Each structure stands twice: as structure tokens, then as C-alpha cells.
There are 2 protein chains.
Amino acid sequence: MDLRDHNGLTEKEFLAQYRAGDYERPSLATDMVIFTVTDTEADSYRRLPEKELRILLIRRGGHPYFGQWALPGGFVRPDETTEQAAARELQEETGVADVYLEQLYTFSDVGRDPRTWVISCSYMALISSDQMQLKAGDDADAAVWFKLTYRLLRERREVLEDGYAKTMEYELKLCAEGEELTAVVARTVTVRATSTATNYNILLSEGLAFDHAKIIACAMDRLRGKVDYTDIALHLMQERFTLTELQQVYEVILDKELLKAAFRRKVAHLVEETDHYTENAGHRPSRLYRRNWEGNR
Amino acid sequence: MDLRDHNGLTEKEFLAQYRAGDYERPSLATDMVIFTVTDTEADSYRRLPEKELRILLIRRGGHPYFGQWALPGGFVRPDETTEQAAARELQEETGVADVYLEQLYTFSDVGRDPRTWVISCSYMALISSDQMQLKAGDDADAAVWFKLTYRLLRERREVLEDGYAKTMEYELKLCAEGEELTAVVARTVTVRATSTATNYNILLSEGLAFDHAKIIACAMDRLRGKVDYTDIALHLMQERFTLTELQQVYEVILDKELLKAAFRRKVAHLVEETDHYTENAGHRPSRLYRRNWEGNR
DNA sequence: GCAATAGTGTCTATGAGACAATATATA
DNA sequence: TATATATTGTCTCATAGACACTATTGC
């Protein structure tokens with residue numbers, strides 16, 4: 001169309017003369033919480049190994065937060081989306097391409113990066129442990145898989161004039177070879193007459209850079225929330241797995257024991273039988289399953 | 001701590017000499033989908049009015065998309081979060097402050113704004129119709145509440161080498177005094193061996209600026225998804241309402257009829273009885289309820 | 001009395017929680 | 001054979017869907 005604006009310009013003319021820079025601009029980064037699940041050493045020939053939930057962290061080699069641990073991430077380029085930037089980072093860091101990737105939340109707190117105005121569009125990725133070969137050497141950073149636990153510490157409730165605020169404090173623990181990082185993150189739901197708002201706050205962050213404790217907490221909440229109404233957890237499994245393994249993964253995500261019979265009924269339509277069984281366990285062999293694509297309802 | 005980096009600088013020294021600008025920076029905007037519900041005229045003295053879901057759109061007074069309709073929004077300032085920017089916009093546009101506000105998604109498609117690199121952090125707001133007094137004149141833009149319908153048009157399924165893609169095409173219709181905007185948005189879920197991804201695409205957009213059809217579709221999906229496991233819909237109600245009104249709101253959001261008895265059982269713990277009743281209806285009076293803060297589980 | 005809505009009762013199907021019973025590898 | 005896990009059965013309880021029945025107002 002050839003509409004002319006108040007300066008008498010057509011759209012083509014307007015765009016040709018347009019110059020950006022009227023507004024101050026932030027740097028745009030992505031940060032990723034990359035989850036995987038690993039096995040512990042089995043302590044007896046017939047005992048099953050346990051599952052551990054892990055995320056990838058990178059030791060910072062410069063200021064700010066020099067020596068502390070941060071989520072993998074980087075700046076977004078003008079010719080890519082945040083999602084493409086996240087996929088690129090993931091590829092560079094772990095070499096995997098076909099991965100479950102989900103946008104979590106965009107963090108923009110003032111001062112969240114001491115250098116300058118940086119907002120972070122965060123993503124969550126789920127990969128199976130057989131995909132988690134780190135590209136060694138390529139990027140000379142110290143990338144390490146930390147075991148993660150995320151546990152409710154305390155629950156508080158405060159009465160306001162026109163509503164109330166409920167705060168859940170979670171302890172986030174990250175462990176790997178000698179390193180132990182601890183953070184406490186509070187999730188507050190504020191209920192007022194005509195609104196409801198949820199907020200995260202970092203109460204303690206030892207060894208974790210920036211506001212990354214918040215991002216990890218956000219990812220855990222999302223993962224826990226989605227685990228029991230989607231097939232999301234299957235992206236953490238290898239090609240073939242037993243139902244007990246799958247249950248262990250659910251349990252380590254939810255930090256809660258589940259009942260076997262009910263669990264099997266629940267996931268039945270998310271998986272497909274194979275004709276293979278586990279071998280050389282000191283007990284009855286277990287049928288192997290694979291993900292059922294159609295199960296997603 | 002006084003760690004020194006590879007240049008021999010402490011953190012303080014590093015920050016003092018740090019200069020941004022190594023990376024190109026995008027403009028950061030927020031766009032908001034502000035929902036409300038209004039009544040139609042009742043066609044007979046004893047018939048109940050129907051409910052309509054509406055969102056606020058603003059006619060663009062300049063290029064690009066001159067004359068088309070866009071979501072309210074604006075640029076984020078360096079001293080505020082995206083959430084604060086959204087709340088500020090909402091305040092400027094409608095005058096309301098205590099409002100349900102939820103971050104939706106950050107859109108960063110290349111070329112989504114023809115002027116320059118702009119990414120949009122989108123929000124959804126829910127306000128009751130008695131709060132929806134537009135601030136007339138203040139901002140001289142043409143802000144109008146459009147009636148919204150969002151309906152599944154078509155469902156497609158494509159088999160891929162290592163998975164499949166399921167596409168749902170939705171028709172988005174926006175109507176207000178003589179204006180009728182139409183868009184078709186496709187939501188595609190791509191399921192591959194080790195990944196699952198969801199994508200939105202605009203197939204048609206008549207009269208809607210930018211990628212705003214996508215943002216509205218995203219908001220509708222979120223709203224529909226949350227309606228039946230949270231008390232979110234109560235933010236669209238006035239202080240006092242009947243259960244039939246609440247059911248109508250659920251129905252207009254879900255575009256689906258619900259059964260009365262089951263609905264009442266379901267929302268029972270989300271509301272609180274009052275001792276007031278409707279009057280002067282041509283039929284049995286209806287008890288008025290209000291939101292139960294504790295109902296949120 | 002009629003029209004229109006308000007509110008409740010009940011039958012059934014489904015799915016989760018709880019727990020028990022049976023099956024089968026290997027040292 | 002003992003140990004540890006695999007797999008299935010079943011009882012109960014809670015909840016949603018479906019439908020029917022009763023209640024109450026204004027004209």
C-alpha cells in the first residue's frame with residue numbers, strides 16, 4: 001500500500017530513512033539449563049544403580065564472578081533467534097543437535113550483570129546420558145556435570161492488607177568432584193484482590209555466578225511441573241530402557257518415591273514394548289521399552 | 001575476593017575499565033495481550049446476556065504497518081525489568097495497577113520488525129470489565145477492545161524420516177465497530193527420535209501488525225491451558241459474580257460448552273459464597289460468589 | 001401458568017493410591 | 001536356595017461426564 005504518514009512518507013521511504021538508536025539497547029544473552037541423568041556405581045552385583053539428575057556448569061575464567069560456576073550460554077547474534085543461539089551453544093558445548101529445547105523465561109532484573117545491561121532469555125534442554133560426550137579441548141573452558149538436588153526447605157505465609165504472600169524456600173545443591181555449590185531460592189506467590197503474581201528471589205548463592213540460581217530453580221519448577229502431564233522425561237532416557245529406570249528418573253526429578261503399579265499404568269501409553277530384556281542382573285530380567293511417539297496424546 | 005584475571009585485574013578494576021559494545025544489541029520491547037470479558041446486550045428481559053472475550057488493540061499512526069492494529073506495548077528502559085515495563089504500559093493505557101500479569105514468551109524472529117533488530121518479551125494481562133475504563137485523550141492513540149475468537153480450523157499430520165509433525169491451524173478473528181481482522185496461525189509440534197519442538201507460524205494476517213497474531217495465539221493457548229488447573233479465570237470476574245457467569249467465562253475462553261453440575265463441583269473451592277443474590281431477573285435469583293484466595297490449592 | 005435460569009442428586013466410567021501376590025534371573 | 005527385582009491383580013477412593021429432577025422468580 002502507499003499510505004503516507006504525517007511526514008508524507010510511504011512505508012518504503014520511511015524504512016529507507018529510519019535510523020535506530022533512539023532507545024538505549026540491552027545486550028541479549030541466552031543461558032541454558034542442560035539436564036541429563038546418570039547412573040551411580042552399583043554397590044552389589046545384583047543391586048540396581050541409582051539415578052542422579054545433573055546439569056552442566058562452566059567455570060568462569062574471568063571477571064565478573066571469576067572462578068565461580070555459570071550456566072552455559074552466550075550472546076545472541078542479530079541474524080539468529082534466541083532459540084537458534086541456544087541450539088548453537090548446545091552444539092558447541094556438547095556436540096548434540098537433535099535435542100529437546102524449551103524456552104523458560106526471560107530475566108531482566110536491573111543489575112543482574114555487573115558489567116552492563118544484559119537480559120537473558122533462558123532455555124532448558126534435556127539430553128540422554130549417552131549423548132553427553134563433552135567436546136573436550138575445543139573450547140578450553142572447564143565444563144562439568146554437577147549432580148543437582150532441589151528440596152523444599154521452608155514454607156512461609158504472610159498476611160497482607162488485601163491478600164497474602166506464600167513463600168517456598170528451596171535449597172539448591174550442586175555437587176561434582178570436590179566442588180559443592182549451595183543456593184537458596186525463594187518462590188513467592190503474592191495473592192491480592194485482583195491479582196496473583198509469582199516471584200523468584202535468591203537468598204543465598206555460594207559459587208554460582210550471576211542470577212543463575214534463579215534460572216536453575218525456574219528450570220526445576222518447570223521440569224517438575226511438566227513431568228507428570230507430558231512425556232518430557234522420556235527425552236532423558238536412552239533409546240531403550242526399563243520401566244524401573246524410567247520410574248527412577250521420575251523419582252529423582254520429583255524427589256519423591258512413587259508406587260510401582262500406579263506408575264506403570266500412568267506411563268503405559270508413553271512407551272512401546274520391545275522384545276529385548278536386560279541380562280546378567282542377579283534377578284528376573286526386565287523388559288526393555290522405547291518411547292512411543294504417539295503417546296503424547 | 002581479590003582474584004586477578006589473566007590481565008592481572010581485580011574484579012573492581014575489571015568493572016571500572018569494562019566497556020560494552022563488543023556485541024551488536026537489539027532493541028527490547030514488551031507487547032501485551034490484555035484480556036477482558038464483556039456482556040452482550042440481553043435480547044429479552046429474562047434472558048441472560050452472553051459473555052465475549054476481548055483484547056485491547058491500538059491503531060498504528062505511523063509506519064511500519066501504518067493504519068493496522070497492534071498490541072499495546074513499548075520499549076523497555078534500562079532501569080526497569082520487562083515486567084515493570086509491561087505494568088507501566090498497562091497503567092498508561094488502562095489506568096489499572098493491581099492486575100494479573102504473566103510473562104508469555106520472548107519472540108526474536110529475524111526480521112519480525114522491518115525497521116531494525118527488535119525482540120519482544122510478551123505478557124498476558126487479565127482484567128475485569130469494570131476496570132477497563134480506557135484513559136481517553138491522554139495518549140491520543142485509537143485503543144479499541146476487539147472481540148476475539150480463536151477456533152481450530154484444520155489439523156494436519158506429516159510423516160518425517162525419523163518422526164512426524166502435527167500441525168493445528170487456528171483461525172483468529174478480531175471484531176470491533178466495523179473492523180474485522182482475520183489471521184490464521186499454525187502451531188506445529190515436531191516429534192523426532194530424541195526431541196520434541198513446538199513452533200508457531202503465521203499463515204495469514206489481515207490488519208494485524210508485526211507478528212502479533214502469533215503473540216495473541218500464544219496467549220490464547222496459555223490461557224486455555226491454565227484455565228482448568230488454576231484459578232486464573234477469576235481475574236476476569238468482577239468482585240461479585242454468579243456461578244453461571246463464571247461458567248460462561250470458562251466457556252468463552254475454551255470455546256466449548258461445559259456441564260453445569262460438573263463445573264460447579266470443579267470450581268467450588270475456588271469461590272466463596274456471599275449472602276447476596278441477583279435481583280429482577282425474570283427467573284429464580286442466583287447466589288453471588290466472590291473469589292476464594294485460598295482456593296488456589 | 002410459563003419461560004428461563006438456579007441448584008442438587010445420582011449413576012457410571014476412569015484413574016490414582018495402596019498393598020498384595022506371583023514370577024524369574026544369578027551367585 | 002536366597003536375594004533382589006519384575007510384573008500383574010484388585011480393592012478403595014476421588015473426580016469428571018452425563019443426565020435428570022426440583023426450585024424460584026417476573027410477567
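In this text, all values refer to a predicted model and were calculated from it rather than measured experimentally.
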Check whether the side chains of Asn280(B) and Tyr45(B) place a donor and an acceptor atom closer than 3.5 Å, and report yes or no. no

Along DNA chain C (nearest heavy atom to each residue), the more 5'-positioned of Asn280(A) and Ala262(B): Ala262(B)

Reckon Thr242(A) touches a base, only the sugar-phosphate, or nothing at all at heavy-atom distances under 4.0 Å? nothing

Quick one: do the Asp228(B) and Tyr250(B) side chains pair a donor with an acceptor below 3.5 Å? no

side-chain contact (heavy atoms from CB on, under 4.5 Å) partner of Leu57(A), chosen from Val33(A), Ile34(A), Leu71(A): Leu71(A)

How would you give the extent of chain B contacts on DNA chain D, as first and last nucleotide 5' to 3' within a 4.0 Å heavy-atom cut-off? dA16(D) to dC27(D)

Remember a base hit wins even if backbone is also touched, and classify Leu48(A) as base, sugar-phosphate or nothing at under 4.0 Å, heavy atoms. sugar-phosphate

If you look at every strand shown and take non-hydrogen atoms under 4.0 Å, does Ser44(A) touch a base, only sugar-phosphate, or nothing? nothing

Could you check whether Arg287(A) gets within reach of a base, just the sugar-phosphate, or nothing at all, counting any heavy atom under 4.0 Å? sugar-phosphate

Tell me whether the OP1 or OP2 atom of dA23(C) has a side-chain N or O from Arg284(A) closer than 4.0 Å. no

Whole-Å distance between dT5(C) P and Leu258(B) CG? 16 Å

Whole-Å distance separating the CG atom of Leu246(B) from the P atom of dT5(C): 17 Å

Is it the case that the side chains of Thr194(B) and Asp98(A) hold a donor-acceptor pair, with the cut-off being a distance below 3.5 Å and no angle test? yes

Name the residue closer to the 5' end of DNA chain D, choosing between His283(B) and Tyr289(A) according to the nucleotide with the nearest heavy atom. Tyr289(A)

Would the base of dG15(C) count as contacting Lys266(A) through its side chain, where contact means a donor and an acceptor less than 3.5 Å apart? no

Closest non-hydrogen atoms of Met168(B) and Glu155(B), given as atom of the first, atom of the second and distance, are SD-CG, 3.3 Å

If you look at every strand shown and take non-hydrogen atoms under 4.0 Å, does Arg264(B) touch a base, only sugar-phosphate, or nothing? base

Decide, yes or no, whether a salt bridge links Arg291(A) with Glu272(A) under the criterion of side-chain N to carboxylate O below 4.0 Å. no

Report which part of the nucleic acid Arg265(B) touches: base, sugar-phosphate, or nothing (heavy-atom distance under 4.0 Å, all strands). base

Return the value, rounded to whole Å, for the distance between atom CD of Gln247(B) and atom C1' of dG7(C). 12 Å

Can a side-chain donor-acceptor contact be found between Glu279(B) and Tyr277(B) if the only test is distance below 3.5 angstrom? no

For Gly282(A) and for Lys260(A), find the nucleotide of DNA chain C with the closest heavy atom, then tell me which residue's nucleotide is more 5'. Lys260(A)

